[in-house]
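We're numbering straight along the sequence, starting at 1. We count ligands from 1, going down the list as the structure has it; atoms in each ligand are counted the same way. From a predicted model like this one, the values you see are computed outputs, not experimental measurements.
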Amino acid sequence: MAGFAASTYMRGINWIAVPTTLLSMVDASLGGKTGFDLPEGKNLVGAFYPPKLVLADPSLLLTLSDRELRSGMAEVVKHGIISDPELFAMCNRGMDWVKGNLEEVVKRAMAVKIKVIEEDPYEKGFRAALNLGHTVGHAVELVSKFELRHGEAIAIGMLVEAAYSARVGLATSGVVRAVQDSLSALNLPIAIPKEMPREEIIHAMRMDKKKNAKVIRFALPVEIGKVELVDVADLEMVIGD
Ligand SMILES: NC(=O)c1ccc[n+]([C@@H]2O[C@H](COP(=O)([O-])OP(=O)(O)OC[C@H]3O[C@@H](n4cnc5c(N)ncnc54)[C@H](O)[C@@H]3O)[C@@H](O)[C@H]2O)c1
């Protein structure tokens, strides 16, 4: 929100980000996507406006609640799946290991995002890989009326999208299992809550940002360390039963 305010005040003033959650250190503070949600959907008002400096001190995370720390780990798992299998393997060691090794986790996860955004700052191409788990995840987050933390919704989205990737023959069932094991090791949710209406999730997916209603671009895992961008028309197929 502050970044977005900085982008519009006097047509833009400098700002720095001092993230204090794991999620903001490894993801939200990097890449210049600033903005806020509207009741109709996530991130509907915003601008690309990177800070001059990101100051991430992992010792700030010692006061963060367990739930918020786990929520941030969902984005760490995502970065592992996108391009760092070693980071992904670290996530399997569970929360106690993570808490004792926050500096390494934060550094590695930041490095993945920085590499992607430097190559494609305005999401003309591969930056969309960072949306892994987010098309389903944002929809589930919205339909839960934000009862789910962002990372929890993304964890669910990653597994649903990985399962779809396996159904269309892009990923093996081993990849789906690996993602499931890693999220479970971190005690993150892995399934859409039963009571959540499937049609509302699909409607929310179509509303998400500028996505064309007919075809939505997904970042699907192919193996741990590699994702592919795929246009999907049949959203019911993605959600499954
Ligand atoms: N712009 C982007 O590229 C991007 C990327 C990923 C996520 N996001 C967005 O980020 C939002 C989630 O942000 P968040 O996870 O940082 O949550 P948040 O800012 O809502 O903070 C979560 C809670 O933790 C508390 N808190 C923060 N730091 C603390 C600390 N050090 N010790 C104790 N308590 C602390 C806060 O007061 C709050 O209650 C979502 O809306 C998501 O969509 C944006």
Under 4.5 Å between any side-chain heavy atoms of Leu132 and Met158, yes or no?
yes
Which protein heavy atom lies closest to atom 44 (C) of ligand 1, and at what distance to 0.1 Å?
Ala28 CB, 3.5 Å
Ligand-side contact atoms (ligand 1) for residue partner Asp27, heavy atom cut-off under 4.0 Å:
5 (C), 6 (C)
Which atoms of ligand 1 have any heavy atom of Lys113 under 4.0 Å away?
3 (O)
Around atom 41 (O) of ligand 1, find the nearest protein heavy atom and jot down its residue, atom name and distance.
Lys42 NZ, 2.9 Å
Less than 4.0 Å from atom 36 (C) of ligand 1, is there any heavy atom belonging to the protein?
no
For atom 28 (N) of ligand 1, decide whether some protein heavy-atom distance is shorter than 4.0 Å.
yes
Atoms in ligand 1 flagged as close to Thr21, the criterion being non-hydrogen separation under 4.0 Å:
14 (P), 15 (O), 16 (O), 21 (O), 27 (C), 28 (N)
Of the choices His134, Lys78, Glu68, which has the non-hydrogen atom that lies closest to atom 22 (C) of ligand 1?
Glu68
Is Lys33 in polar range of ligand 1, meaning some N or O pair under 3.5 Å apart?
yes
May I ask you to identify the nearest protein heavy atom to atom 17 (O) of ligand 1, giving residue, atom name and distance to one decimal place in Å?
Arg149 NH2, 3.3 Å
Examine Leu23 against ligand 1 and note whether any of their N/O atoms are separated by less than 3.5 Å.
no
For Leu170, run the side chain to side chain contact (heavy atoms under 4.5 Å, CB included) check against Val227, Leu220, Val175 and tell me which one passes.
Leu220
Measure the distances from the heavy atoms of His138 to every atom of ligand 1 and state whether one is below 4.0 angstrom.
no
Evaluate the side-chain proximity of Val77 to Phe88: yes if any heavy-atom separation is below 4.5 Å, no if none is.
yes
Inspect the surroundings of NZ in Lys99 and state if more than 12 heavy atoms from other residues, nucleotides or ligands are less than 6.0 Å away.
yes
Donor-acceptor side-chain pairing of Glu141 and His134 below 3.5 angstrom
no
Is atom 31 (N) of ligand 1 near the protein, in the sense that some protein heavy atom lies at less than 4.0 Å from it?
yes
Considering both backbone and side-chain atoms of Thr20, is one of its nitrogen or oxygen atoms within less than 3.5 Å of a nitrogen or oxygen in ligand 1?
yes
Test Leu87 against Val76 for side-chain contact (heavy atoms from CB on, under 4.5 Å), laying out the working first.
CA-CA 8 Å; Leu87 176 63; Val76 176; 3.8 Å; yes
Those atoms of ligand 1 less than 4.0 Å from some heavy atom in Leu64:
24 (O), 26 (N), 27 (C), 28 (N), 29 (C), 30 (C), 32 (N), 33 (C), 34 (N), 35 (C)
I'd like to know if Asp181 and Arg177 make a salt bridge, using a cut-off of under 4.0 Å between side-chain N and carboxylate O.
no
Please work out which of the three classes, parallel, tilted or perpendicular, describes the rings of Phe4 and Phe36, given edges at 30° and 60°.
perpendicular
Using the side-chain contact (heavy atoms from CB on, under 4.5 Å) rule, take Phe48 and Lys33 through it: C-alpha gap first, then chi angles, then the decisive distance, then the call.
CA-CA 5 Å; Phe48 277 103; Lys33 281 191 181 179; 3.8 Å; yes
So if I count the atoms of ligand 1 from 1 in the order they appear, which ones are less than 4.0 Å from some heavy atom of Thr63?
30 (C), 31 (N), 32 (N), 33 (C)
Protein heavy atoms near atom 4 (C) of ligand 1, is at least one of them under 4.0 angstrom away?
yes
Given Ile117 and Leu130, is the side-chain contact (heavy atoms from CB on, under 4.5 Å) satisfied, shown in steps?
CA-CA 9 Å; Ile117 59 178; Leu130 294 168; 4.1 Å; yes
Taking Val232 as the starting point, is it possible to reach Leu229 by hopping between hydrophobic residues whose side chains are less than 4.5 Å apart?
no
